[in-house]
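As structure tokens, the structure follows; a few thoughts come after it.
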Amino acid sequence: MALPVTVSAAHFDPWVIMESGQCFRMVPLAGGACEAVAFGEAVRLTRAAFDRLWRAYFDLDTDYAAMLAAAPAGDGFLARALTAAHGLRILRQDPWETLCGFILSQRKNLKAIRTGMEALCEACGAPVLGTARRAFPTPHRLAAMDEPALRALGLGYRAPYLLDAARRVADGRLNLDLLAALPDGLLQAALLTVSGVGVKVADCVMLFAYHRLSRAPVDVWIRRVIDCAYGGVSPYEGYGPYAGVYQQYQFMCIRDGQLPETR
DNA sequence: CACCAGGCAGTGC
DNA sequence: GCACTGCATGGT
């Protein structure tokens, strides 16, 4: 299985496009920012923010075409999923926010998770300039909350789990930055020390924050994929170093109600 | 009104 | 080690 070639920086650089002469309402702003107006709407980026955050966040420097081309052959449902969810990328999210998000996610659907995360940010997150929204709370801010206050946000039995995570990170027992250097086994073990974090949540943090692309988190939807399309036998051990990427396409597919038909 | 959701910890065997 | 159970609450 070939490594995905890192194609010349992303095939996406707004500043190159801005100077390409093909459009005239994409303009440089003071401080090196870029603003594009089209179809009556505007997007704004600073060079620093794009290079420092968004390029990495959306994993723009990875060639997904090459990675998907390396997918195992002869897998009907996988082939269908890769087509159905075209354009999907695995984000490189902030480990702390990702950890909280997936602690919060257990036995909730996507909309309910969003509601819970938004409530957390409203309760103790800092304002984001230029928007009506708030950033995700820092570990210290979250650690300063008490359990009843968190339960009042509708978080239920996950409230003490979040508090345990916040306290561990805030007092240094769990250093999420240092974890990035650990091999998969040690990284997983460290995440599992947090109350409310089991194998599935740890896999999600490893995949969506630490970019460990071989991790394939099994939730109820993926359980359904395994049962319906693979006769109850998990195929993910045979999917190679990008199992988590391929599986994520399948997750989208099955959750959107597309029945698995291996063929 | 039911039933489900990107699970986990605790318990019993 | 594996099977079972209770857990809180919003979305559908």
Side-chain angles (χ1 to χ4, degrees), chain A residues 77-78 81 84-85 88-123 136 142 145-169 173-174 185 187-230 232-236 239 242-260:
Chain A
F77 180 61
L78 176 57
L88 177 65
R89 286 169 177 268
I90 305 299
L91 299 177
R92 296 174 184 263
Q93 298 183 76
D94 171 62
W96 163 241
E97 180 172 339
T98 308
L99 176 63
C100 292
F102 283 96
I103 286 174
L104 186 61
S105 77
Q106 55 185 277
R107 303 297 292 173
K108 281 182 177 291
N109 58 33
L110 176 58
K111 181 159 277 184
I113 300 167
R114 283 179 178 152
T115 301
M117 289 290 276
E118 212 60 32
L120 263 180
C121 295
E122 281 299 311
F136 191 77
L142 194 54
M145 304 278 285
D146 62 354
E147 187 179 321
L150 289 181
R151 283 184 181 265
L153 299 178
L155 305 185
Y157 59 84
R158 307 160 192 86
Y161 297 161
L162 284 172
L163 272 183
D164 182 56
R167 287 170 183 158
R168 282 174 185 277
V169 174
R173 277 175 293 165
L174 186 66
L187 170 56
Q188 185 197 47
L191 293 171
L192 290 178
T193 62
V194 179
S195 178
V197 175
V199 170
K200 190 272 173 180
V201 168
D203 275 340
C204 287
V205 177
M206 291 176 72
L207 179 59
F208 301 133
Y210 291 99
H211 215 66
R212 305 298 169 98
L213 300 184
S214 71
R215 309 305 292 203
V218 178
D219 68 343
V220 294
W221 295 102
I222 293 301
R223 188 68 242 171
R224 220 159 276 165
V225 168
I226 295 171
D227 289 340
C228 297
Y230 300 97
V233 182
S234 168
Y236 300 113
Y239 272 17
Y242 313 120
V245 181
Y246 307 143
Q247 191 212 50
Q248 196 56 24
Y249 280 74
Q250 295 178 323
F251 174 84
M252 299 282 294
C253 199
I254 188 89
R255 205 207 47 200
D256 290 346
Q258 304 189 35
L259 298 174

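Naming: A, B, ... by sequence-line order, numbering from 1 per chain.
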The complete set of side chain to side chain donor-acceptor pair (under 3.5 Å) pairs with one or both residues in residues 188-199 of chain A, sequence neighbours excluded, reads none
Using a 5.5 Å cut-off between ring centres and planes within 30 degrees, is A:F102 stacked on the base of B:dG6?
no
Per nearest nucleotide of DNA chain C, the residue lying toward the 5' end, A:Q106 or A:N109, is A:Q106
Nearest-Å distance, [atom1] ([X]) to [atom2] ([N])?
{"X": "A:Q248", "N": "B:dG6", "atom1": "CD", "atom2": "C1'", "value": "9 Å"}
{"X": "A:L99", "N": "B:dC8", "atom1": "CG", "atom2": "P", "value": "12 Å"}
{"X": "A:L150", "N": "C:dC7", "atom1": "CG", "atom2": "C1'", "value": "17 Å"}
{"X": "A:L104", "N": "B:dC8", "atom1": "CG", "atom2": "C1'", "value": "14 Å"}

Could you walk me through whether A:Y210 and A:R215 pass the side chain to side chain contact (heavy atoms under 4.5 Å, CB included) test, one step at a time?
CA-CA 10 Å; A:Y210 291 99; A:R215 309 305 292 203; over 6 Å; no
Shortest non-hydrogen contact from A:F136 to A:E97?
CB-OE1, 3.4 Å
Side-chain donor/acceptor of A:Y161 to base of B:dG7, under 3.5 Å:
no
Within the modelled atom types, does a donor on one side and an acceptor on the other bring the side chain of A:R158 and the base of C:dA8 under 3.5 Å apart?
yes
With sugar-phosphate meaning primed atoms plus P, OP1 and OP2, does A:V197 contact a base, only sugar-phosphate, or nothing at under 4.0 Å between heavy atoms?
sugar-phosphate
Whether A:T115 contacts C:dG11 is assessed here as follows: a side-chain N or O lying under 4.0 Å from the phosphate OP1 or OP2. Is that the case?
yes
On the nucleotide B:dA9, are OP1 or OP2 found under 4.0 Å from the side-chain N or O atoms that A:R107 carries?
no
Is the centre of the A:F208 ring less than 6.0 Å from the centre of the A:F102 ring?
yes
